[in-house]
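See structure below.
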Amino acid sequence: MEPTKTAKIMTVVGARPNFMKAAPIIAAMRDHNERLAISAGREGAWDSHFTLQNVLVHTGQHYDEAMSDRFFADLNIPKPDVHLGVGSGSHAAQTAEIMKRFEEVLLRERPDLLVVVGDVNSTLACALVAAKISFDANGTRPFIAHVEAGLRSFDRGMPEEINRILTDHVADLLFVTEESGLRNLLDEGIPDGKVHFVGNTMIDSLLAFKDRAEGSDILDRLSLRNCNGGHGSTYGTPRYALLTLHRPSNVDQGPTFLNILEGLEELSNSCPVIFPAHPRTQKRIAEFGLARFFRTEKASPEGEKSRFAHADGQIHLVEPLGYLDFLCLMGHAALVVTDSGGIQEETTCLGIPCVTVRENTERPVTVRVGTNILAGTTKDGIRQAARQQLESRVSGAVPDGWDGRSAQRILEVICREIEKKRLL
Ligand code: UD1
């Protein structure tokens, strides 16, 4: 069947964790159009009636090379069609600025459907604009699709929890990554017909780029190839821990941050701890005078022999890493300690032990079937959790639907819904 029409999809990205969640959806749209082109004229070969035009909007919430640009290259994401250049600010200022600038874009582009992913300020800001916009006197507005819907930490002190709840309640299509999300949305009275269990697009990216990440030379650049010297690892097997911390509740208050670092001392005495530090965290380390916990060294430039030295007892602070380097480091780590949401999921999929430095998680499946344990933020809790994860052989399972085909499933629903609602 000849494709006769084009549906315009607008996809929004803004901050680091959005890029890996959106990349597979953008790739799936490209594949959809290619299949349509190939099957044009062949009856029944591809049953969609329209091509998909994707307009990619980058809000600019994250703007550094290290926090944004590198991810476009690593994940093969095309250059954004629109860049809002918003940058940092308080939650209110950042959200408001995105809303103001995004409204103009939405009115100009008039997409049939808006895709927002995850739980960052950009996600909520753009969903909110689309929910209230009116393209004509009939009040026509784009369908709003939220990818990674339904996750709940039940901690409203987390800015992301507010973003998740509000985005879910204005969305028309809610794409859920794990079973808890289905329950949460049901409990909040979201109509069943809007909710689709599709799996996890972040895992689509992980599975698509895992092999390529093995080609990264980050283990050499950080001298981790044979770091068995006295740390008890098998010869030739890197044994190190990987750390990420950036949640405001963990790093924005001196005493809490200090407590976490003291809780990590035993671990950093037993193996190198590599810490690619988020800009927020780097600022706080300086502000709270916590530099004594760290050894700050630059990884050697690509291709150059490493001069990185590992001293016991200190955490090795490096700049934020690109996607492929980070994936490689995560895949070879003996342990990952984190307060990130996505890393809990990635380690579950990779079967790497993970200690989450938080009291709660909006991703309970990573604890239930996966390799993750919640340590809380006390010194003792962190120390014990790290010891337990290093000593025991953790075995996890990959949650349902985390199979690399989530974006494909999302696109099937989107195409069906666009046709059903006769948006075209
Ligand atoms: C944001 C998301 C969080 C996500 C995190 C991942 C919200 C509410 N939070 O938090 O869910 O886990 O991204 O990274 O949306 N900065 C830079 N360079 C950049 C970006 C930020 O230096 O490219 C600095 C800013 O100046 C600011 C700090 O980092 O001081 C925080 O940035 P912001 O976007 O406000 O929130 P994140 O902590 O990154």
Side-chain angles (χ1 to χ4, degrees), residues 12-22 57-75 80 83-99 101-102 116-128 146-149 151-153 155-168 177 202 205 243-253 256-257 275-288 317-323 326 330 336 338-346 356-358 360-363:
V12 172
V13 291
R16 186 170 59 176
N18 289 162
F19 306 132
M20 38 293 231
K21 293 169 193 169
V57 177
H58 189 337
T59 64
Q61 176 175 346
H62 284 176
Y63 44 86
D64 286 350
E65 157 72 19
M67 297 295 287
S68 169
D69 301 359
R70 261 193 95 161
F71 290 85
F72 279 73
D74 278 359
L75 290 154
H83 203 299
L84 302 181
V86 163
S88 299
S90 67
H91 284 282
Q94 189 177 58
T95 308
E97 202 53 47
I98 296 169
M99 288 180 73
R101 297 186 194 190
F102 185 64
V116 292
V117 300
D119 56 15
V120 303
N121 286 341
S122 301
T123 310
L124 171 63
C126 295
L128 211 47
H146 184 207
V147 175
E148 199 188 84
L151 297 181
R152 297 290 182 268
S153 65
D155 172 4
R156 293 213 177 185
M158 262 180 107
E160 294 81 0
E161 182 76 351
I162 305 296
N163 293 344
R164 289 180 201 118
I165 295 170
L166 298 181
T167 305
D168 282 343
T177 54
M202 184 173 234
S205 281
L243 170 68
T244 83
L245 289 172
H246 77 280
R247 293 253 151 247
S249 58
N250 281 344
V251 302
D252 281 2
Q253 265 120 39
T256 312
F257 198 0
F275 183 22
H278 187 287
R280 162 191 289 284
T281 312
Q282 294 192 32
K283 282 183 202 163
R284 298 298 181 232
I285 290 169
E287 197 179 316
F288 300 142
L317 197 79
V318 296
E319 290 300 311
L321 295 169
Y323 183 66
F326 191 81
M330 190 161 50
V336 174
T338 191
D339 61 5
S340 147
I343 292 172
Q344 296 171 52
E345 299 182 330
E346 289 168 331
T356 297
V357 184
R358 284 174 48 187
N360 53 53
T361 177
E362 61 288 335
R363 291 153 160 99

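What you see below is based on every heavy atom in this structure, not just the backbone, and it leaves out hydrogens, waters and symmetry mates. One-based numbering, in listed order, for ligands and for the atoms of each.
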Checklist line | Pairing residues for Ala149 by the side chain to side chain contact (heavy atoms under 4.5 Å, CB included) criterion, not counting sequence neighbours | finding: His146, Asp168, Leu174, Val176, Leu185

Notebook entry, point to check: What orientation do Phe257 and Phe288 show, parallel under 30°, tilted 30 to 60°, or perpendicular over 60°?
Noted result: perpendicular

Check: Out of curiosity, Thr281 OG1 to Asp339 CG, how far, rounded to the nearest 0.5 Å?
Finding: 7.5 Å

Next item on the list: Assert yes or no for the condition that the ring centre distance of Tyr63 to His58 is strictly below 6.0 Å.
Entry: no

Next item on the list: Run the salt-bridge test on Arg280 and Asp252 with the 4.0 Å N-O cut-off and return the result as yes or no.
Entry: yes

Check: Can you tell me which residue and heavy atom of the protein come closest to atom 13 (O) of ligand 1, and the distance to 0.1 Å?
Finding: His62 CE1, 3.1 Å

Margin query: Taking 4.0 angstrom as the limit and counting only heavy atoms of Lys283, give me the atoms of ligand 1 inside it, by number and element.
Written below: 24 (C), 25 (C), 26 (O), 27 (C), 30 (O)

Next item on the list: Determine, for Arg164 against Glu160, whether the closest basic-nitrogen to carboxylate-oxygen distance falls under 4.0 angstrom.
Entry: no

Check: Atoms of ligand 1 less than 4.0 Å from Asp64 heavy atoms?
Finding: 17 (C), 18 (N), 19 (C), 22 (O), 23 (O)

Next item on the list: Test Asn18 against every option in Asp119, Val147, Val116, Val117 by the side-chain contact (heavy atoms from CB on, under 4.5 Å) rule and name the one that passes.
Entry: Val117

Check: Starting from atom 36 (O) of ligand 1, which protein heavy atom do you reach first, and at what distance in Å?
Finding: Arg280 NH2, 4.0 Å

Check: Does the N or O separation between Asn163 and ligand 1 drop below 3.5 Å for any pair?
Finding: no

Notebook entry, point to check: Which atoms of ligand 1 are found less than 4.0 Å from any heavy atom of His278?
Noted result: 14 (O), 29 (O), 37 (P), 38 (O), 39 (O)

Note to self: What's the separation between atom CD in Gln344 and atom OG1 in Thr361, rounded to the nearest 0.5 Å?
What the structure shows: 3.5 Å

Next item on the list: Look at atom 17 (C) of ligand 1 and say which protein heavy atom is nearest, naming residue and atom and giving the distance to 0.1 Å.
Entry: Tyr63 OH, 3.2 Å

Check: Hey, is ligand 1 close enough to His91 that some N/O pair sits below 3.5 Å?
Finding: no

Checklist line | Heavy atom of the protein closest to atom 2 (C) of ligand 1 (residue, atom name, distance) | finding: Val120 CG1, 3.7 Å

Notebook entry, point to check: So which of Arg284, Glu65, Glu160, His246 gets nearest to atom 5 (C) of ligand 1, if we judge by its closest heavy atom?
Noted result: His246

Notebook entry, point to check: For the residue pair His278 and His62, does the interplanar ring angle fall in the parallel (under 30°), tilted (30 to 60°) or perpendicular (over 60°) class?
Noted result: perpendicular

Notebook entry, point to check: For the atom pair CZ (Arg70) and CZ (Phe326), what is the distance rounded to the nearest 0.5 Å?
Noted result: 12.5 Å

Note to self: Among all the protein's non-hydrogen atoms, which is closest to atom 8 (C) of ligand 1, and how far away is it?
What the structure shows: Asn121 OD1, 3.2 Å

Next item on the list: Can you pull out the closest protein heavy atom to atom 25 (C) of ligand 1? Residue, atom name and distance to 0.1 Å, please.
Entry: Ser88 OG, 3.0 Å

Next item on the list: Please name the pair of heavy atoms, one in Gln94 and one in Ser88, separated by the smallest distance, quoted to 0.1 Å.
Entry: NE2-CA, 3.8 Å

Checklist line | Numbering as shown, the atoms of ligand 1 that approach Gln94 to under 4.0 Å (heavy-atom distance) | finding: 34 (O)

Checklist line | Sub-4.0 Å heavy-atom approach of Ser68 to ligand 1 | finding: no

Margin query: Need the ligand 1 atom indices (1-based, order shown) with element for anything under 4.0 Å from a heavy-atom of Arg16.
Written below: 14 (O)

Notebook entry, point to check: Of all the atoms in ligand 1, which lie at a distance below 4.0 Å from a heavy atom belonging to Pro279?
Noted result: 16 (N), 17 (C), 18 (N), 22 (O), 24 (C), 29 (O)

Check: Under 4.0 Å from any heavy atom of Pro17, which atoms of ligand 1 are there?
Finding: 4 (C), 6 (C)

